[in-house]
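Have a look at the structure below, then the notes.
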Amino acid sequence: MTKLQKVNKGEVFLIDDDAAVRRGVAALLTAADYTVSIFTSGEEFLSEMGSLDIDDAALLVDVCMPGIQGLELQEKLNRDGVDLPVIVMTAHGDIPMAVRAMRNGAVDFLEKPFTVDEVTTSLERAHAISRPVIKGAQKASPELCKNYDSLTPRESEVLRNVVDGSTNKEIARSLDVSPRTIEVHRQNMMSKMNAKSFAELVRMAVALDIGD
Amino acid sequence: MTENTLEELDGSFANQILETVDTLVVILNRHGEIVFFNRACQLLTGFNAGEALGRKVWDFLILDEEIDAVRGAFEALNAENTPSHFINYWKTKDGAPRIIEWSNNTLKDEDGAIAYILGTGVDITESKSKEAALYESKSFLRAIVGASPVAIITSNEKGTILSFSRKAEAIFGFKENEALGQNLTLIIPEPDRLRHDQYLNHYLETGERRIMGKARQVTAVKKSGERFPVVIHVNEFHDGVRVFVGFIEDLSEQKVTERRLEDVKNQLQHIGRIGAMGEIAATIAHELNQPLTAAASLAGAVSLTLRKVEFPQRDDAISHLNETVSEIRRASEIIRQMRDFMRKRKTAKSLHDVNHVVEEAIAIALIGAEAGGVHVTTDLGANVGEASLDRIQIQQVVINLIRNSIDAMQDAEKKHLAISTAKKSRFIEIKISDTGHGLSDDVKKRLFEPFFTTKEEGMGIGLSISKSIIDAHQGEITAIEKESPGVIFSIKLPVGGHDKAAKSQ
């Protein structure tokens with residue numbers, strides 16, 4: 001474990017198997033005034049967890065790693081009752097995994113590569129959630145339910161498929177329409193749901209308990 | 001001997017015997033005239049003793065075309081005094097020919113000179129005609145067997161080939177004389193080759209019919225070593241001894257079947273190519289995305305740092321860095337599109353009999369492959385049952401593993417490929433075991449990594465695809481090192497398909 005300077009926006013435990021990614025993301029978080037502890041694997045994190053102060057900390061973990069994968073680590077922490085907000089980092093192919101992580105209680109997921117704003121927004125959410133007051137904030141709000149009810153059957157079908165990780169092309173094939181049609185449905189659905197990003201849409205879907 | 005002696009014979013006890021036996025007894029004097037014509041002769045010919053005595057046999061009993069031959073035999077006996085056997089026709093009073101087999105001998109006078117010729121004969125007309133009929137029906141049968149479009153092979157209880165039809169010659173490439181006397185295992189490939197005797201004995205001992213009386217699709221082997229699919233129908237009959245007869249149809253000859261197999265192969269290859277492209281694309285996307293992530297993060301870090309200091313071109317620098325991040329994101333997006341474009345098709349699972357799926361995969365993997373001296377054994381467990389799987393994908397994995405095993409044994413002294421299935425409590429296991437060169441520690445670590453290969457012409461995609469296919473089935477694929485040289489690849493699939501607990505440990 002490498003510990004970088006302590007400022008005061010809170011602590012981040014960063015786990016990724018790629019050295020360059022660790023270095024880059026740690027530099028970014030440090031510049032954004034977070035304290036960063038770096039781990040090269042889930043195993044390393046677990047072996048040192050006993051000596052870590054997990055209050056006011058968040059876990060930023062890659063879902064796809066050799067050894068213990070992000071999801072397994074998250075499930076183990078859940079089982080052990082460790083109260084640590086989790087953000088998962090995914091590569092392109094891992095949408096279904098991201099959805100599973102969210103369902104398992106992850107605060108958010110970040111698609112690599114991410115911007116400064118995306119990662120800091122997620123971390124702010126994470127640190128807010130770790131304060132008991134905001135716990136349970138992930139339940140669907142009445143407004144979210146209203147938005148969801150305004151979708152046409154086709155649009156909600158597209159929503160379900162999108163959060164399952166299907167591409168437009170795959171959805172088009174399974175619904176037997178053109179990819180262009182799906183694109184239109186998808187845009188309409190995103191704006192009706194008032195979702196600004198895919199990650200936000202997945203978060204909503206999890207709150208609404210939609211999808212696989 | 002004089003006329004008197006015959007008269008003496010006439011009333012004697014011996015004469016009474018000669019009169020009652022069924023055997024034809026005729027005695028000629030040196031001129032060929034009949035001096036004795038027993039009751040059996042009279043019954044057969046319809047001539048009574050009075051009509052026959054004193055006449056020469058060739059004057060009234062012999063067919064015209066045989067007269068010379070019979071006279072010749074008579075002269076020879078008269079001169080040489082050697083006993084002889086002779087078959088010729090006698091014609092009866094009403095003209096019907098009878099076939100008689102004769103034993104001829106001479107009777108001598110006190111001086112030792114030939115006095116009479118004695119002929120004893122048996123009417124073999126009935127048995128001769130039976131034999132002729134049998135001969136005719138046998139050649140009729142031979143003609144049918146020869147003309148049959150289905151290969152016909154007969155064997156005895158020991159499996160020794162008794163007949164090998166023309167079509168069998170055409171299908172298997174062996175001439176009849178190469179096949180006769182050989183064991184049936186001549187045309188049976190491994191692994192059944194070694195077990196055939198066992199199968200035969202099992203049937204002979206228990207009478208339990210496994211393939212007897214049923215049409216069954218099996219793999220046969222030609223003289224060239226090429227394996228090919230056949231339908232075989234075995235039956236038995238008794239011809240004094242027990243004989244097995246096999247009717248064999250070459251399936252590879254049937255265009256329809258050929259096309260179907262070809263289709264399956266093409267389908268597998270196509271899926272394989274798409275799978276390979278998808279795998280390559282996914283790997284490149286993932287591998288490229290990591291440095292892009294690092295780069296975007298570093299640029300973000302610098303941008304954040306710059307916000308904390310003051311210098312004239314700071315805002316320009318920050319905006320350039322933000323543009324850098326956008327461009328990195330664009331690159332990542334392009335890669336994502338490429339990956340989505342070549343994405344592997346989704347796994348289409350349904351319930352399949354695992355043994356059947358594996359059997360088919362073995363057949364496809366081995367057909368067309370040079371036998372190469374590889375001894376193949378299969379041990380498909382009873383009650384393995386069904387699993388929810390994508391048949392084509394799982395077959396692709398099994399075929400891939402079999403081909404790898406065969407490749408690995410190319411230079412091995414002992415080439416034994418063993419394929420087995422078994423049902424364990426929570427999963428079904430398929431094992432493919434070889435006696436090849438095994439895996440070094442380095443290879444073992446990187447076995448399932450994309451683009452890792454030990455083959456000169458390999459892409460390093462096969463095992464990587466296999467792993468993603470098995471992962472998509474919530475299963476597990478592992479390589480187990482054997483104590484003796486070689487590797488066992490194990491595929492574990494969840495029972496019933498919905499049980500995610502297939503990861504056994």
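Convention: sequence-line order gives letters A, B, ...; per-chain numbering from 1.
- Residues Ser297(B) and Val21(A) are not in side-chain contact: their nearest non-hydrogen atoms beyond the backbone lie 4.5 Å or more apart.
- Within the 4.5 Å cutoff, no side-chain heavy atoms of Leu28(A) are placed close to those of Leu298(B).
- For a residue to count as touching a neighbouring chain, one of its non-hydrogen atoms must lie under 4.5 Å from one of that chain's; by this rule Asp117(A) does not touch chain B.
- Distance NZ/Lys112(A) to CD1/Ile328(B): 14.0 Å, rounded to 0.5 Å.
- Scanning both residues, Ala301(B) and Ala31(A), for their nearest heavy atoms gives O-CB, 3.4 Å.
- Lys482(B) NZ: more than 12 foreign heavy atoms inside a 6.0 Å radius.
- Applying the 6.0 Å contact sphere to CZ of Arg100(A) captures no more than 12 heavy atoms from other residues, nucleotides or ligands.
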Exercise. Quick one: do Arg329(B) and Glu118(A) satisfy salt bridge (Lys or Arg N to Asp or Glu O under 4.0 Å)? Show the steps, please.
Key: CA-CA 13 Å; Arg329(B) 298 256 285 195; Glu118(A) 284 167 355; 2.8 Å; yes
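- A distance of 10.5 Å separates CD of Glu111(A) from OG1 of Thr293(B), quoted to the nearest 0.5 Å.
- With chain B as partner, the option from Asn168(A), Val25(A), Leu29(A) having the largest number of non-hydrogen pairs under 4.5 angstrom is Val25(A).
- When side chains are defined from C-beta on, Lys308(B) counts as touching Asp33(A), because their heavy atoms get closer than 4.5 Å.
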